[in-house]
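Here the structure comes first, spelled out in C-alpha cells, and everything after it is commentary.
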Amino acid sequence: MIDVLALGEEHLALARESPHGRSARTFLREGPLRQAIIALTAGSALGEHEAPPAASLHVLSGRVRILDEEGTVGLATGQIAPIPRRRHSLEADEDSVVVLTTIVDLAADAG
C-alpha cells in the first residue's frame, strides 16, 4: 500500500529544495498503467511535452493549470481532469502536489 499524501509531502519538500522547483516519482507500474506523484512550487512548470495515449491529473493540494494550443484548464485541490491528447504544459499557481495517471503504449516501450 502507498500513502500518496505522505509521498506528496515528501516530494513537495524536495521540490522546495530543487532549483527547478519540482520533484516527481513514478510510484505504480501495473501493465500499461502508470501513476506518478509530481510536486511543483508556486510559479514552476513542466515545459511543453507530448501526451501519452490516455492520462488524467488529480490535484491533491494546491492549484495548477494545464495549458495547450486550445486554452487553459485550471484545477484546484480535489479536482481531476483528463490530459489533452496533444502537446501541453503544466504550471503551478501555488505549491502543488498532483497524481498523474497514464496508460502507456507497451508496444512502443518495447521497440
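Just so you know, these numbers use all the heavy atoms, side chains as well, and skip hydrogens, waters and symmetry mates.
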Gap separating the [atom1] atom of [X] from the [atom2] atom of [Y], nearest 0.5 angstrom:
X: Glu91; Y: Leu67; atom1: CD; atom2: CG; answer: 4.5 Å
X: Gln35; Y: Glu30; atom1: CD; atom2: CD; answer: 10.5 Å
X: Glu9; Y: Leu60; atom1: CD; atom2: CG; answer: 10.5 Å
X: Ile37; Y: Leu14; atom1: CD1; atom2: CG; answer: 11.5 Å

Side chain [X], main chain [Y], donor-acceptor under 3.5 Å:
X: Arg85; Y: Pro53; answer: yes
X: Ser96; Y: Arg63; answer: yes
X: Ser44; Y: Ala42; answer: no
X: Thr77; Y: Gly62; answer: yes
X: Ser18; Y: His20; answer: yes
X: Thr41; Y: Gly21; answer: yes

Exercise. Checking side-chain contact (heavy atoms from CB on, under 4.5 Å) for the pair His49/His88: CA distance, chi angles, key distance, verdict?
Worked result: CA-CA 6 Å; His49 53 278; His88 63 279; 3.0 Å; yes
Exercise. Any ion pair linking Arg86 and Glu70 (charged N to carboxylate O, less than 4.0 Å)?
Worked result: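 Judged by the 4.0 Å cut-off on N to carboxylate O distance, Glu70 and Arg86 do form a salt bridge.
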For this session: Treat each ILVMFWY residue as a node, draw an edge where side-chain heavy atoms are under 4.5 Å apart, and state whether Val4 and Ile80 are in one component.
Result: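 Unlinked, Val4 and Ile80 end up in two clusters.
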Exercise. Are Val104 and Phe27 in one and the same hydrophobic cluster, where Ile, Leu, Val, Met, Phe, Trp and Tyr link if side-chain heavy atoms are under 4.5 Å apart?
Worked result: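 Each belongs to a different hydrophobic cluster.
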Problem set entry | Chi angles and distances behind the side-chain contact (heavy atoms from CB on, under 4.5 Å) call for Val99, Thr101 | CA-CA 6 Å; Val99 173; Thr101 301; 4.0 Å; yes
Exercise. Got a sec, which hydrophobics cluster with Val64, joining ILVMFWY side chains under 4.5 Å apart, including via others?
Worked result: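 Via sub-4.5 Å side-chain contacts, Val64 links to Ile38, Leu40, Leu46, Leu57, Val59, Ile66, Val73, Leu75, Ile83, Leu90, Val98, Leu100.
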Problem set entry | Pairs touching residues 16-27 that satisfy salt bridge (Lys or Arg N to Asp or Glu O under 4.0 Å), sequence neighbours left out |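 Every pair satisfying salt bridge (Lys or Arg N to Asp or Glu O under 4.0 Å) with a residue in residues 16-27: Arg16-Asp95.
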Problem set entry | Minimum heavy-atom distance between Asp68 and Arg87, given as atom pair plus value |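 In this case the closest contact between Asp68 and Arg87 is CB-O, 3.4 Å.
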For this session: For residues Gly47 and Ser89, report the shortest heavy-atom separation together with the two atoms involved.
Result: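 Reported closest heavy-atom pair: C-CB, 3.8 Å.
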Problem set entry | ring-ring contact (aromatic ring centres under 6.0 Å, His included) partners for His58, two or more places apart |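 With sequence neighbours excluded, His58 shows a ring-ring contact (aromatic ring centres under 6.0 Å, His included) to no residue whatsoever.
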